[in-house]
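First the structure, in the form of structure tokens, and then the observations on it.
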There are 2 protein chains.
Amino acid sequence: MLIGELAQKTNLSRHTIRFYEKLGLIQVPEKSRRKNNYKEYPEETLSRITAIKEITARGFTLKEARGIITLINDGTLDPQRAKKYLVKKLKLVQKQMDDLARTKNNLLIMIDQCDTGVCDVTRLVREK
Amino acid sequence: MLIGELAQKTNLSRHTIRFYEKLGLIQVPEKSRRKNNYKEYPEETLSRITAIKEITARGFTLKEARGIITLINDGTLDPQRAKKYLVKKLKLVQKQMDDLARTKNNLLIMIDQCDTGVCDVTRLVREK
DNA sequence: CACAACCCTAGAGTATACTCTACACTCGTT
DNA sequence: AACGAGTGTAGAGTATACTCTAGGGTTGTG
């Protein structure tokens with residue numbers, strides 16, 4: 001499979017695919033090149049990209065995705081280790097959620113103040 | 001007030017303060033320099049930075065903060081306009097919260113699977 | 001054989017918010 | 001006068017995830 005087909009099937013741009021290669025998320029064995037130097041992507045790449053997408057959709061970064069995939073392929077990712085990793089991530093996500101909740105509250109208050117005529121943001125800057 | 005004092009009072013690094021200057025979030029009139037070329041920051045800068053901090057703490061970016069401050073100083077920021085702006089931001093925040101909630105659920109499921117022995121992340125990559 | 005549509009690499013650009021480095025001048029103290 | 005600490009500018013580096021450009025070769029169709 002050439003990069004164009006892969007891009008179309010994965011709904012990623014060629015640029016993104018090459019970018020993933022640079023990051024080491026995808027590997028193409030140097031041998032699997034056509035005579036014209038075009039890269040021949042194995043079927044695996046498709047499921048690899050699916051995995052990357054599913055992992056990142058779960059809130060992991062690309063680097064983390066690479067780490068996870070490597071661990072799994074090495075067979076080093078036992079449930080206990082995985083759990084530790086996931087719990088750590090969960091805490092981060094929870095923190096982000098808390099931050100956003102605070103932000104949302106602030107926004108709601110400010111929006112309300114816009115109606116009652118006391119705009120908080122305005123006050124912030126006007127007061128010297 | 002020199003930059004060192006300002007940095008100490010605002011709890012920002014000198015670098016950050018200069019960075020804010022570059023972004024136009026803070027202005028120092030060219031006249032208010034000491035003979036030795038040191039910048040003399042007016043008291044206002046302190047409240048300006050406080051405003052920036054409070055605005056960004058509410059989930060706005062630095063650019064947005066600059067925009068808000070400019071609008072307010074221009075007196076152009078009437079409640080209706082402000083409300084529109086805030087509601088738009090609220091929607092973005094809500095979207096981020098929804099995304100994070102989904103991520104959190106996925107994490108919880110995966111963590112649970114670690115205990116029951118069916119690790120989802122593992123499955124993702126193992127299946128070809 | 002021209003031309004579009006594909007492929008290759010290397011590297012720059014975008015966005016956000018810093019963070020740090022290099023190099024040079026200035027201030028206060030010893 | 002030497003020293004550390006403070007200040008100035010300009011510009012590079014960090015992190016994340018792309019996105020695009022330049023410059024070049026290849027393939028297939030009319």
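Worth knowing before you read on, the calculation uses all heavy atoms, side chains too, and leaves out hydrogens, waters and symmetry mates.
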> Considering only side-chain heavy atoms of Arg33(B), which listed nucleotide, dC18(D), dG8(D), dT9(C), is closest?
Replying inline: dG8(D)
> Which nucleotide in the list dT9(D), dC8(C), dA17(C) gets nearest to the side chain of Lys39(B)?
Replying inline: dT9(D)
>> Given dA17(C), dT26(D), dC18(D), identify the nucleotide with an atom nearest to the side chain of Tyr20(A).
In response: dC18(D)
> Has Lys63(A) got a side-chain N or O lying under 4.0 Å from the OP1 or OP2 atom of dT16(D)?
Replying inline: yes
> Between dA15(D) atom C1' and Phe60(A) atom CZ, what is the distance in whole Å?
Replying inline: 19 Å
>> What I want to check is whether an N or O donor and acceptor connect the side chain of Tyr38(A) with the base of dC6(C) at under 3.5 Å.
In response: yes
>> Just the rounded figure in Å: distance from C1' of dC8(C) to CD of Glu40(A).
In response: 15 Å
>> Distance check needed: dG6(D) P versus Leu6(B) CG, whole Å only.
In response: 15 Å
>> Test side-chain contact (heavy atoms from CB on, under 4.5 Å) on Glu40(B) and Val28(B); report intermediate values, then the result.
In response: CA-CA 8 Å; Glu40(B) 178 69 39; Val28(B) 189; 6.0 Å; no
>> If I take atom CD1 in residue Ile3(B) and atom C1' in nucleotide dC27(C), what distance separates them, rounded to the nearest angstrom?
In response: 17 Å
> Expressed in angstrom and rounded to an integer, what is the separation of Glu21(B) atom CD from dT9(D) atom C1'?
Replying inline: 11 Å
> Are Thr45(A) and Met1(A) close enough, and set up right, to give a side-chain contact (heavy atoms from CB on, under 4.5 Å), and what steps lead you there?
Replying inline: CA-CA 9 Å; Thr45(A) 310; Met1(A) 181 166 24; 5.7 Å; no
> Just how far, in rounded Å, is P of dT9(D) from CD1 of Ile17(B)?
Replying inline: 13 Å
With the criterion being N/O to N/O and under 3.5 Å, what pairs connect the protein with nucleotides 19-22 of chain D, and how long is each?
from, atom 1, to, atom 2, distance (Å)
dC20(D), N4, His15(A), ND1, 3.2

> For Leu62(A), does its backbone N or O pair with a side-chain atom of Arg66(A) as donor and acceptor, under 3.5 Å?
Replying inline: no
> Can you check side-chain contact (heavy atoms from CB on, under 4.5 Å) on Ile49(A) and Leu6(A), steps first, answer last?
Replying inline: CA-CA 10 Å; Ile49(A) 288 177; Leu6(A) 187 62; 4.2 Å; yes
>> For the backbone of Gly59(A) and the side chain of Lys89(A), can you confirm whether one donor and one acceptor N or O come within less than 3.5 Å of each other?
In response: yes
>> Side-chain N or O of Arg66(B) versus OP1/OP2 of dA17(C): is the shortest distance under 4.0 Å?
In response: no
> Which comes earlier along DNA chain D counting from the 5' end, the contact point of Leu23(A) or that of Lys35(A), where each point is its nearest nucleotide?
Replying inline: Leu23(A)
> Closer than 4.0 Å, any side-chain N/O of Asn36(B) to the OP1 or OP2 of dG8(D)?
Replying inline: no
>> Applying side-chain contact (heavy atoms from CB on, under 4.5 Å) to Tyr85(B) and Leu71(B), what does each step give before you reach the verdict?
In response: CA-CA 12 Å; Tyr85(B) 197 80; Leu71(B) 281 176; 5.6 Å; no
> Are the charged groups of Asp98(A) and Arg102(A) less than 4.0 angstrom apart, N to O?
Replying inline: no
> Is the shortest heavy-atom distance from the side chain of Ile55(B) to the side chain of Ile69(B) under 4.5 Å?
Replying inline: yes
> Whole Å only: how far is the CD atom of Gln8(A) from the P atom of dC6(C)?
Replying inline: 11 Å
>> Tell me the interatomic distance from Leu2(B), atom CG, to dA5(D), atom P, rounded to whole angstroms.
In response: 17 Å
> Would you say a side-chain N or O of Arg34(A) is under 4.0 Å from OP1 or OP2 of dC6(C)?
Replying inline: no
>> Please pick, from dT9(C), dT26(C), dC18(D), the nucleotide with the shortest atom-to-atom distance to any side-chain atom of Arg18(A).
In response: dT9(C)
